[in-house]
> 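The structure's right below; bear with me while I get my questions together.
Both ligands and their constituent atoms are indexed starting at 1 by order of listing.
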Amino acid sequence: MSKSPLKDTLVFEPIQVGDVTLSNRIVYCPTTRFRAAKSPNEIGAHLPSDLMLEYYSQRAQYPGTLLVTEATFVSRGAGGYDGIPAIATEEETKAWKKIVDAVHAKKSFISLQAWFLGRVADARILKKEGQKYVAPSVIYPDGRTKHLSEKAGLPLTELSIPEIHDLIHKDYAIAAKNAMSAGFDFFEIHFAHGYLPDSFLHESSNQRTDKYGGTIENRARFGLELIDHLSTIIPPSKLAIRLSPWAEIQGIYEETSPIPQFSYFLDQLQKRANNGQELGYVSVVEPRVQGVVTADLEDMKGSNQFVEEVWKGITLRAGNYTYDAPEFKQIKEDVSNGRTLVGFSRYFISNPDLVSKLKNDPSSLVKYNRELFYQPYNWGYNTYDGKDYDEDTEKKRVAKPIQRSEVNL
Ligand code: PHB
């Protein structure tokens with residue numbers, strides 16, 4: 001049976017987001033893929049690679065589509081995983097610029113997702129890279145991270161007020177400037193899934209007794225200070241955030257409803273919008289997914305309906321939008337307010353031409369294979385149905401740094 005295409009729906013009506021006009025409301029949301037390359041000069045593997053250049057170019061093929069990059073470290077201190085790209089150095093920024101230029105050459109748009117792992121990091125890698133292991137409070141997300149920290153001899157420490165100031169004014173600020181030099185259309189702060197900014201918002205991960213903890217207002221303070229500072233160095237219309245109000249993963253849990261905390265935060269963003277400082281978009285993870293796991297629909301705890309009641313700007317909602325295929329009633333209902341974008345990730349991995357397929361022939365969608373998501377090789381990345389080795393050399397294709405020649409920042 002052919003699935004009903006979205007061709008004649010609001011999904012394919014143009015929409016203005018920040019300073020750009022998208023041709024359609026389908027967005028590629030971030031997916032960790034571990035294909036960054038090692039820099040020749042240093043420990044770690046954080047350079048955007050040749051495979052990534054090819055990958056994002058393929059997914060930009062439907063003109064006017066917004067892609068959000070995989071989560072990208074804002075600094076070395078933000079890290080704690082191998083194979084993740086960063087945007088902290090000139091070399092990394094130049095490599096990203098090639099990717100951005102390739103996406104723009106296809107007339108599509110690209111947002112950089114800015115990541116700081118915090119307490120979720122692997123302390124062994126932070127140790128290897130000579131970094132601290134920090135969080136709002138000394139609460140390990142689980143036994144595994146605690147064990148790794150003990151093994152590394154690098155205990156989790158509570159961020160001091162000067163350290164918080166530096167995160168905002170150095171780590172994130174430098175990354176935001178670099179993202180603008182690379183030509184990104186948006187700088188999206190990863191504020192979800194228990195990573196550092198999100199871990200300030202929840203009582204289960206924030207037990208501070210200073211002005212950054214203890215009340216709804218105090219738990220929101222770090223995020224608002226971050227957004228306010230970044231708004232002084234890049235236009236707020238180029239800033240975005242991603243929230244996951246319902247995700248109880250990576251040590252985050254809720255004793256009570258998350259709605260009061262997240263409503264306050266969004267209300268503060270709306271107040272800034274009313275004063276001419278409107279963010280480009282707010283992205284929210286739907287309760288239908290919990291990190292990398294799809295929730296049972298019957299077990300879903302809440303709804304993101306409250307988001308659009310408080311936040312009046314552009315919202316991007318993502319999470320299992322294929323559950324009601326072929327009807328796609330959920331997509332049609334969610335975009336009906338005229339200011340909502342819908343995100344896909346897993347199906348964008350296995351369908352570089354996802355947007356055209358959803359438009360014309362959703363029955364041709366190729367199912368993804370999760371086992372290939374996090375592999376270092378090319379199989380399941382740029383060659384979903386093809387080969388993972390180079391025809392000429394017969395060697396497996398692994399990520400190599402993008403040549404930085406002829407890129408002027
Ligand atoms: C992951 O790498 O598995 C991952 C990254 C970012 C998220 C969630 C999961 O927000």
> Taking the six-membered ring for Trp, are Phe191 and Phe265 closer than 6.0 Å centroid to centroid?
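Yes, the ring centres sit under 6.0 Å apart.
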
> So which pairs with a foot in residues 285-321 pass ring pair (Phe, Tyr, Trp, His ring centres under 6.0 Å), sequence neighbours left out?
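The answer is none; no pair qualifies.
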
> Assess the pair Phe222 and His165: is the distance between their ring centroids shorter than 6.0 Å?
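No, too far apart.
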
> Show every side-chain hydrogen bond (donor to acceptor under 3.5 Å, both in side chains) that has at least one partner inside residues 10-22, sequence neighbours left out.
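Qualifying pairs: Asp19-Ser237.
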
> In a check of side chain to side chain contact (heavy atoms under 4.5 Å, CB included) between Met52 and each of Arg33, Glu70, Lys98, which one passes?
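Of all the options given, the one that passes is Glu70.
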
> Ligand 1: which protein N/O atoms lie under 3.5 Å from its N/O atoms?
unit_1   : atom_1 : unit_2 : atom_2 : d
ligand 1 : 2 (O)  : Thr32  : OG1    : 2.8
ligand 1 : 10 (O) : His190 : NE2    : 2.7
ligand 1 : 10 (O) : His193 : ND1    : 2.4

> Applying salt bridge (Lys or Arg N to Asp or Glu O under 4.0 Å) as the test, list every pair that has at least one member in residues 222-250; sequence neighbours left out.
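Sorted pair list: Asp228-Arg272, Glu248-Lys301.
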
